[in-house]
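One structure is given here, and the rest of the page talks about it.
For clarity, every value in this text was computed on a predicted model and none was experimentally measured. Naming: A, B, ... by sequence-line order, numbering from 1 per chain. Note: hydrogens, waters and symmetry copies are ignored here, and every other heavy atom, side chains too, is used.
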Amino acid sequence: MKQLMKYHIKDTYLGALFFIAIYTIINFAAFTTISVLVMKVDGTEVKGNVGGFEMAYLICIFVIFVASYGENLRFLTQYSFTRKQVIKSTFLTVALISLTFSLATFITTAINNAFIRDEKFQFMTYLSELYGAQNSLANNGLVTIIFWFALFFVFAMFGLFLATLFARANKYGRVLIAVGTPVLIFIVFPILIGSIRPLQTLLSNALYILGGFRTHNPLIGALSLLVCSGILGSLSYLVNRRLEVK
Amino acid sequence: MNSINVQGLSKSFGTVEALKNVTLTIEENKIYGLLGRNGAGKTTLLNSINNRIFPTSGEILFGEKSVIENEDVQRNFFFVGEQLLFPENMNAKKAIRWTKEFYPHFDEDYAKELMSLFEVPIKKKVKSLSTGYKTIFKNIIALSVNVPFVFLDEPVLGLDANHRELFYKALLEKYSNSPSTYVISTHLIEEVANIVEDVIIIKKGEILRAQSRDSLLETGYSVTGMANLVDQFCQDKEVIGLDALGGIKSAYIIGEKPRETVDGLDISTMDLQKLFVKMTNA
């Protein structure tokens, strides 16, 4: 496992760190500077908020694991590692990168909040938008790290799940997955939710409770995300078990 | 001493039976030639032993342990297939570094020596190497890992004659200095005939023969002469092939070669390639 983690760290983790470095520079250069400049324009009534840079981390972590898993599996199989070893080490790498991204988000948020101190112009994250900017839990450092960790983790696990399905599928299956996933998420699912009232109500209530919005508690949301991650991870493990590498 | 025991191995891909009830033993410290026609099941057999694909039925044991998803067992094997499994952006230098990391007994100096001998461009990405150099690169890694069992699927694919000769020489030198088991799957039977000690012939998913090369060569012989004399000689014999040109006929027979000469007939031992061709055509 030590050898595998060394490989994952050099192959995937360093890439993630590089992304954090570049994105942090962009974040400070673009968001903070522009925000500060806009706030300082004389005579301009500026009101609003800036933030949402976490989306980039979400997309990045999803893409990392969609793109890298198949290649890593083939390479590591060449060196006689078993599928079990490969997927377990990938899970650990998911956790490591999720934690790193969540710490990066926390640090960047803290620094941005230190720079942007204006009641008319706020720096907001998705966490504060979802649970309320005045929510004490949403502003608690440890809680925010846990929540981001869970969110990044579930996105990574979803990417990994798609990657294992893709690796297992035949050529028709791959087309189905590549086309079907965005169609399902962005077309079928919204149409179903919008047109079937009972489903809409069920989903809204479920999100309200499981997301921790009823109690304004991000930790409940984090727990739900981790449970989803567990389900996705288990499915990935099962699919991976019978993957043939040839 | 651990050997690989394949017992009743079958593998199907949909309706195609690639392997049918294969039973054989691969022992330590030998060079095996795994011979078969296209689609016979050679690669399927190698993939099964090396945990790349799963058997439909049967088992493959190393000692008493199953090879399937067994990291302790798989550490004793190294398989170089036709497919290059290295990441697109990895160059040969990095691949060597990772091989050293994953296989503690990997001889990096020897690998670099071979890279230099074969003139492999080590800074170039593995995927952008020519077909021949990809094969050479894989072979060098295989010769340098120092594990008990090395499997080579078409190890001379795309190699020119010079490189093929270099490869066989390197293989024999390596084998004599530090013996391991090498299983070579190849179509170039003539070239490996003098290298292999044991031969496994596979035909349509079934093992036709699995024995030492010398004993295999003793199982058959050829008879050449006038057609009528050859026909007379071949009565009550197991003929696996016939070639005729004008009035001259050659018959390929399975059986013990007669000790006495026969008037008008030239009786000779079949070479491995001829024996293979006739057996697999029969």
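In this structure, no portion of B:Asn50 lies under 4.5 Å from any heavy atom of chain A. For A:Leu76, the part lying near chain B is the side chain, with the backbone staying farther off; criterion is any non-hydrogen pair under 4.5 Å. When heavy atoms are compared at a cutoff of 4.5 Å, B:Thr99 approaches chain A by way of both its backbone and its side chain. Using a 4.5 Å cut-off between heavy atoms, A:Arg241 contacts chain B through its backbone alone, with no side-chain atom that close. In this structure, chain A has a heavy atom under 4.5 Å from the backbone of B:Asn70, while its side chain stays farther away. Both the backbone and the side chain of A:Lys6 come within contact range of chain B, each with at least one heavy atom under 4.5 Å from a heavy atom of that chain.
With rounding to the nearest 0.5 angstrom, the CG atom of B:Leu85 is 7.0 Å from the OG1 atom of A:Thr77. Summarising the geometry, atom OG1 belonging to A:Thr82 is positioned 9.5 Å from atom CG belonging to B:Asp72; distances are rounded to the nearest 0.5 Å. Atom CZ of B:Arg75 and atom CZ of A:Phe81 lie 4.5 Å apart (nearest 0.5 Å). Put simply, CD on B:Glu101 and NZ on A:Lys10 are 7.0 Å apart, with the number rounded to the nearest 0.5 Å.
Note that A:Arg74 lies outside the cation-pi zone of B:Phe86, set by a 6.0 Å cut-off to the ring centre and a 45° limit from the axis.
Here the side chain of A:Gln85 pairs no donor or acceptor atom with the backbone of B:Glu71 at under 3.5 angstrom. A donor-acceptor pair under 3.5 Å links the side-chain atoms of A:Gln78 to the main chain of B:Phe79, judged by distance alone. Proximity of a side-chain donor or acceptor of A:Ser80 to a complementary backbone N or O of B:Phe77 within less than 3.5 Å is detected. Distance alone, capped at 3.5 Å, is enough to place a donor-acceptor pair between the B:Glu69 side chain and the A:Lys84 backbone.
In terms of the salt bridge (Lys or Arg N to Asp or Glu O under 4.0 Å) criterion, B:Lys100 has no residue partners (sequence neighbours excluded).
By the neighbour-count criterion of 12 heavy atoms within 6.0 Å, atom NZ of B:Lys20 is densely surrounded, having more than that number from other residues, nucleotides or ligands. Around the CZ atom of B:Arg37, the shell of radius 6.0 Å holds no more than 12 heavy atoms that belong to other residues, nucleotides or ligands.
When each of A:Asn72, A:Leu4, A:Leu243 is checked for heavy-atom pairs under 4.5 Å with chain B, A:Leu243 comes out on top.
Taking the six-membered ring wherever Trp is involved, the centroid distance between the rings of A:Tyr7 and B:Trp98 falls below 6.0 Å.
In terms of heavy atoms, A:Val245 sits closest to B:Asn47 at O-OD1, 4.5 Å. The heavy-atom pair separating B:Phe54 from A:Glu244 by the smallest distance is N-OE2, 3.1 Å.
Counting heavy atoms from C-beta on, the side chains of B:Met90 and A:Glu71 never come closer than 4.5 Å.
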